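Data first, discussion second: the structure below is written as structure tokens.
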Amino acid sequence: MSSPLLLRGLSSSLAGLRGVVAGFGGTRGCKQQHMEAGGGAPEVELKRLPGEDEGIVEVLMCRHKARNALGRVFVSQMRELVSMVSSDSTVRVLVFRSLVPGVFCAGADLKERAVMNNQESDLFVHGLRSLTTQIALLPMPTIAAIDGVAVGGGLELALACDLRTAACSAQMGLIETTRGLLPGAGGSQRLPRAVGLGLAKELIFTGRRVGGLAAAEMGLVNRAVRQDQTGEAAYAEALGLAREILPQAPIAVRLAKEAMNRGMEVDITSAMAIERMCYAQVIPTRDRREGMAAFIEKRPPRYIGE
């Protein structure tokens, strides 16, 4: 696998897409482009945070009528935006959040799935599996803010992120066996890696839902917080976590992610070789020299991602 950091050169098509996002602090630009294309209100948008939060980008899920259900349009728009940010070195942390109160993502769009034949259903789930893989392979740290229900494919989407925060009142689970299915978008593989094989089997076999606090205790989420009156406590926690990551050297953070992700899939000797390869790419960077200089001069470092 080639290092994500080698993907700095952008094709003209990707550059044009990224320009839609790069020039605004909110979501108006993306929405305007989508409306002009005749697609109606977007179901997924990007938002760049301004000022001291520059470098934090949010993926906003806003399919209100269907509780962010994973329909064709939703998945297509999500794949396009994830592809857009994958080669954008200015994105240091990516936060996935919902703008639909009480729900992160309700999983599959059962109304759409009900009219698919077997082949169409298989192809759609393959596309959804590809989306979660695409998210998992993003070079920058990703955080899912689970402020409400995240079941089925919704939890699989969150599991594809590096970190997860949840409100204690949130409900999450891989409930596919209660529908005659099994997790098909990576959940059967990522849940055991998150909570251990025995517990993952229990959760998937029973289709059980768990609350945010229980999810934190079993390692399904990193942090669980009491929900507040805004209904966005998990998002606030995710944003705080993103702000902890933001000041760190972005190349080092990306390569640390690569080293851990790739190392987890191989034996320890091969993993050490991967770590050495990633470490070697950090040594010649300007950020490493800045980190050393800042330490000697007893001042905060100013990393530029070079």
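By convention here, the first residue in the shown sequence is residue 1. Note that the structure is a prediction, hence the values are computed from the model and not measured.
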Gap between atom OH of Tyr235 and atom CD1 of Ile143 - 0.5 Å precision: 10.5 Å
Of the non-hydrogen atoms in Pro247 and Arg243, which two are nearest, and what is the gap between them? CD-O, 3.1 Å
Over 12 foreign heavy atoms within 6.0 Å of CD, Gln119: no
Got Val44 and Val59 here, is their nearest side-chain heavy-atom distance under 4.5 Å? yes
Donor-acceptor pair, side chain of Ser76 and main chain of Arg72, under 3.5 angstrom: no
Evaluate the side-chain proximity of Glu54 to Thr90: yes if any heavy-atom separation is below 4.5 Å, no if none is. no
Could you pull out the closest heavy-atom pair between Gly148 and Ala170, with the gap in Å? O-CB, 3.3 Å
Check Arg289 with Glu306, please: is the shortest side-chain N to carboxylate O separation under 4.0 Å? no
Pairs satisfying salt bridge (charged side-chain N to carboxylate O under 4.0 Å, His left out), at least one member in residues 143-163, at least two apart: Asp162-Lys257
Examine distances only and state if a side-chain atom of Gln227 and a backbone atom of Ala167 form a donor-acceptor pair shorter than 3.5 Å. no
Determine yes or no for a side-chain-to-main-chain donor-acceptor pair under 3.5 angstrom, with Glu290 supplying the side chain and Pro301 the backbone. no
Ignoring hydrogens and geometry, is there a side-chain-to-backbone donor-acceptor pair from Arg63 to Ala69 under 3.5 Å? yes
Value rounded to 0.5 Å, distance of CZ in Arg97 from CG in Asn68: 11.5 Å
Rounded to the nearest 0.5 Å, what separation is found between the NZ atom of Lys201 and the CG atom of Leu191? 12.0 Å
Show, in sequence, the C-alpha distance, side-chain angles and deciding distance for Arg113 and Glu176, and conclude whether the salt bridge (Lys or Arg N to Asp or Glu O under 4.0 Å) test is met. CA-CA 13 Å; Arg113 294 284 294 277; Glu176 284 84 352; over 6 Å; no
Using a distance-only test with no angle check, is there a side-chain donor-acceptor pair under 3.5 angstrom linking Asp287 and Thr285? no
Using only atom types and a distance under 3.5 Å, with no angle test, would you say the side chain of Glu43 pairs donor to acceptor with the backbone of Val73? no
Does the Thr132 side chain pair with the main chain of Arg129, one donor and one acceptor, at a distance under 3.5 Å? yes
Euclidean distance, Leu123 CG relative to Asn118 CG, rounded to 0.5 Å: 11.0 Å
Measure the shortest side-chain to side-chain distance between Glu120 and Asn117 over non-hydrogen atoms and say whether it is less than 4.5 angstrom. yes
What distance separates Cys105 SG from Ile146 CD1, expressed to the nearest 0.5 Å? 10.5 Å
Residue pairs meeting salt bridge (charged side-chain N to carboxylate O under 4.0 Å, His left out), one or both in residues 266-280, sequence neighbours left out, come to none
Looking at every non-hydrogen atom in both residues, tell me the closest pair between Pro250 and Tyr303 and how far apart they are. CD-CB, 3.9 Å
Less than 4.5 Å apart, side chain to side chain, heavy atoms only: is that true for Met272 and Ile268? yes
Could you measure the distance from the CD atom of Glu45 to the CE atom of Met61? Nearest 0.5 Å is fine. 12.5 Å
Just to verify, which of Val91, Leu81, Leu60 counts as forming a side chain to side chain contact (heavy atoms under 4.5 Å, CB included) with Leu46? Leu81
Could you tell me whether the side chain of Asp88 reaches within less than 4.5 Å of the side chain of Met84, counting heavy atoms only? no
Of all heavy-atom pairs between Leu99 and His64, which one has the smallest distance, and what is that distance? O-CE1, 3.2 Å
Looking at side-chain heavy atoms only, is the closest gap between Val253 and Pro141 below 4.5 Å? yes
Closer than 3.5 angstrom, by distance alone: can the side chain of Asp122 be matched with the main-chain N or O of Val125 as a donor-acceptor pair? no
Thr142 side chain to Leu94 backbone, donor-acceptor under 3.5 Å: no
Taking the side chain from Asp109 and the backbone from Leu70, do they hold a donor-acceptor pair closer than 3.5 Å? no
Answer yes or no: is there a side-chain heavy-atom contact under 4.5 Å between Val93 and Met140? no
Tell me if the NE2 atom of His126 is crowded by more than 12 foreign heavy atoms within 6.0 Å. no
Please tell me if the side chains of Arg92 and Ile245 come closer than 4.5 Å, counting only heavy atoms from C-beta onward. no
Main-chain N/O of Gln189 paired with Arg193 side-chain donor or acceptor, under 3.5 Å: yes
